[in-house]
Amino acid sequence: MKSYYVQPGAGIDAMTLLEEEMPQPGYGEVLIRVMASALNYRELMIIRDGVYVLPLKQTLIPVADGVGEVMATGSGTHRFTTGDRVAAVVFPEWTDGPFTPEFSAQLGGSLDGMLTTYKVLPERSLVKIPDHLSWEEAAAFPCAGVTAWNALTDGRPLKAGENVLTLGTGGVSLFALQFAKLSGARVIATTSSGEKAEKLLALGADEVINYRIHPEWHREVRRLTDGHGADHIIEVGGPGTMNQSFQSLHLHGEVSIIGAVANDGTLPDINLFSAGCGTMRRVALGSRTHHMAMHRAVSAGRLKPVIDRIFPFREARAAMHYFETGQAFGKVIISHS
């Protein structure tokens, strides 16, 4: 088997491809041949910046997202058989319920990740993938897809006809758009690019706000909703966008705090949020139960992810560098086959 290794903060070009002995599954474990993995912003934080909100191994196999084929099962397993197509749950210990520190071990962080050709994982940390998805399509969902699903379903449940506001065109925002439309909601998306605006509309967005043209984009959200505001906001920007998100929120709406990709040093004004009776909820990806529920919806709706580009395993560094440019519209995938 082959695996990429890196020290957090050492940089993309420091990733080293090593050959290793084939692992064998122990009690309650499953050996999978990894067929595809996907990149998220967390990979840049860990590999390039050496900074993450959870503990990191000193040297690790990076990348949280990965899917593969079951090659062998250890004793004491009963959920999967050889040939099953499965996805790895990013937090292997988080089966259900609210997130707590005891569930914080995560692939590609404190645990070795999925940028490898074979992987042994606990059976409880795997879920079957929808039949209609290719390996590369299935690899897009575990981190960004589950996060978007959790944000829209596990706090204030999304209702048909409600207004959902998504920020930018990152993986979580695109999945939130797709899941919201699958649920019959109305989606308002923001972007800084006319070209990306057209792609958002083609994906199903009802309205798109170009924040270069409308820097006070919260006013546009209010205008487009006849003053009602957004019932759900997928807040991935952090300090740089949070104040406008607060001003876009419906009186009893919910802001899902997910990322901080627009951290410009601005301090959020909690008074803007307190002007209503809404909810602010921090979303920490999701559990195995969230992952399975998302897959059921994906299967029922025959939904497919937006994929920007697929790189071969041998070009993993190039995939990371491309992802780092921020040009991608959709997921950047690494094919291991």
Minimum heavy-atom separation for K331 and L39, please, with both atom names. NZ-O, 3.0 Å

For L303 and Q178, the nearest pair of non-hydrogen atoms, with its separation, is CD1-CB, 3.8 Å

Just checking, R85 and W135: is the charged tip under 6.0 Å from the six-membered ring centre and within 45° of the axis? yes

Are [X] and [Y] connected in the hydrophobic side-chain network, where two residues link if heavy atoms are under 4.5 Å apart?
X    : Y    : value
I310 : V332 : no
L174 : I307 : no
Y27  : M71  : no
M15  : Y52  : yes
I46  : L115 : yes

Just how far is it from atom CE of M242 to atom CD1 of I233, taken to the nearest 0.5 Å? 11.0 Å

Gap separating the CG atom of L44 from the CD atom of E324, nearest 0.5 angstrom: 5.5 Å

Going by heavy atoms in the side chains, are [X] and [Y] under 4.5 Å from each other?
X    : Y    : value
S173 : V236 : yes
K181 : D206 : yes
I188 : L165 : yes
E20  : Y5   : yes
L18  : K2   : no
D231 : N163 : yes
Y211 : E220 : no

State whether [X] and [Y] are salt-bridged, where the test is any N-O pair (Lys NZ or Arg NE/NH1/NH2 against Asp/Glu carboxylate O) under 4.0 Å.
X    : Y    : value
E216 : R222 : no
E93  : R124 : yes
E137 : K304 : yes

Does the gap between the ring centers of W149 and F175 come in under 6.0 Å? no

Whether the side chain of T77 engages the backbone of T73 through a donor-acceptor N/O pair (distance < 3.5 Å, no angle test) should be reported. no

Look at atom CZ of R212 and say whether more than 12 heavy atoms of other residues, nucleotides or ligands are closer to it than 6.0 Å. no

State whether the number of non-hydrogen atoms from other residues, nucleotides or ligands found under 6.0 Å of R314 atom CZ is greater than 12. no

With F141 as partner, the option from L133, V127, D65 fulfilling side chain to side chain contact (heavy atoms under 4.5 Å, CB included) is L133

Criterion ring-ring contact (aromatic ring centres under 6.0 Å, His included) on Y41 and F323, from CA distance to verdict: CA-CA 8 Å; Y41 187 70; F323 182 72; 7.4 Å; no

Among T16, T116, D112, T117, which residue satisfies the side-chain hydrogen bond (donor to acceptor under 3.5 Å, both in side chains) criterion with S3? T116

Consider side-chain hydrogen bond (donor to acceptor under 3.5 Å, both in side chains). Of D154, T147, D96, which one does H290 pass it with? D154

